[in-house]
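In what follows, a structure is listed as structure tokens, so that the remarks can point back to it.
Every chain is numbered from 1, with letters handed out A, B, ... down the list of sequences.
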Amino acid sequence: MPEGHTIHRYARLHRELFAGERVAAWSPQGRFAAGAAMLDGTTLHGVDAHGKHLFYRFGANGRPEGEAGALALHVHLGLFGKFRQYGADPRSPTAGTRLVLSTEDAEIQLAGPTACELIDPGTEAELRGRLGPDPLRGDDPAPAFAALRRRRAAIGQALLDQRVIAGVGNVYRAELLFLLGVHPDRPACEIDRAAFDDLWHLLRRLLAAGERRGRIITIIPQDRSRPPSRLRSDERLYVYRRTGQPCRRCGTPIRSWELGGRPVFACPRCQPI
DNA sequence: GCTGCATGATGAA
DNA sequence: TCATCCTGCAGCA
């Protein structure tokens, strides 16, 4: 699940559920017990997302409240991390649940994150400084273009580097390059301004659609014979994890190989090298 | 009950 | 490039 669209969706949902509310916090698993104790009973002021990172702020009206007031809760889901969300009648958390935040009306349960920690403003600034522009925040794309132009590495590899663009993961990488007709092995530095503009705008659209729908669907409307709600899960994507299956546009078998330590997928005919 | 796998990222070598 | 960390679930015995 967790590419940029998921993270921004969580930020929005958690804001809707909890902004301005006093929350109870605890760590069923115990690994975040001390942090949860600091958050317990404080007001969740706001949530925002940058790339694949979530930042939760506590304290009424942004004013520090209690020990945790000056700190932000930083969550990174990694590959396995998940939030479960419940209303007033939550299921009891699994033993692996790192953090539970709840009010009378709602509860979220976080399991499997790579990061769940309280960080000071300096650490947060340092962390954000390592992230490239995020299409879902409406960031200026210029630094991303400059970063791509500087790299001789494959564009498929550069797209997964969060310093270049924040929020792209393995699914969006594959689907984006397919839709652009760009071979993943092509050197990043060869991209020109017009091609980059296409890439950025398409990526922003794809991520925004994923954020709204809560899943990645990149098949564009004119390619569909059925409405999106009728799509089976294996009909949402063009190339990702479709190795050996016919390209939905030209019928050529989809190829996959390793790029930057992760599997990449492409149609050899629609994405010539 | 096991095994393997997954949309991520880091640090050591 | 490799090992490592993180959890849950499908698929198999």
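- Aromatic pair A:His45/A:Phe58: centroids not less than 6.0 angstrom apart.
- Rounded to whole Å, atom C1' of B:dA9 lies 13 Å from atom CG of A:Asn170.
- The cluster map of Ile, Leu, Val, Met, Phe, Trp and Tyr, joined by side-chain heavy atoms under 4.5 Å apart, puts A:Leu177 and A:Leu160 in different clusters.
- Searching all strands for a Watson-Crick or G-U wobble partner of B:dG4 with both distances below 3.5 Å returns C:dC9.
- Here the options are A:His183, A:Arg173, A:Gln157, the test is side chain to side chain contact (heavy atoms under 4.5 Å, CB included), and the partner is A:Val264; only A:Arg173 passes.
- In this structure, A:Trp26 and A:Pro93 have side chains that are in contact, with non-hydrogen atoms separated by less than 4.5 Å.
- A straight line from NE2 of A:His76 to P of B:dT7 spans 14 Å, rounded to a whole angstrom.
- Taking atom NE2 of residue A:His74 and atom C1' of nucleotide B:dT10, one finds them 13 Å apart after rounding to whole Å.
- Using a 4.0 Å heavy-atom cutoff across all strands shown, A:Gln29 reaches sugar-phosphate atoms only and no base atom.
- Between C:dT1 and B:dT7, the two C1' atoms lie 22 Å apart (nearest whole Å).
- What separates OH of A:Tyr172 from C1' of B:dT7 is a distance of 10 Å, to the nearest Å.
- Neither OP1 nor OP2 of C:dC6 sits under 4.0 Å from any side-chain N or O of A:Arg98.
- When the P atom of C:dG8 is taken as reference, atom CZ of A:Phe80 falls 11 Å away, rounded to whole Å.
- Distances shown here put every side-chain N or O of A:Lys82 at or beyond 4.0 Å from the OP1 or OP2 atom of C:dG8.
- Here B:dT7 is the nucleotide among C:dG8, B:dT7, B:dT10 with the atom lying nearest to any side-chain atom of A:Arg241.
- In this structure, A:Leu176 places its CG atom 17 Å from P of B:dT7, rounding to the nearest Å.
- Residue A:Leu79 contributes atom CG, which lies 13 Å from atom P of C:dT7 at whole-angstrom precision.
- No contact: A:Arg163 has no heavy atom under 4.0 Å from any strand.
- Using modelled atom types and a 3.5 Å distance limit, the side chains of A:His8 and A:Asp134 yield a donor-acceptor pair.
- The side chain of A:Arg31 has C:dT7 as its nearest neighbour among C:dT7, B:dT7, B:dA9.
- Comparing the P positions of B:dC5 and C:dA13 gives a spacing of 15 Å, expressed to the nearest Å.
- Between the CG atom of A:Leu177 and the C1' atom of B:dT7 there is a distance of 15 Å, given to the nearest Å.
- Within the nucleic acid shown, A:Arg173 has no heavy atom closer than 4.0 Å to any nucleic acid atom.
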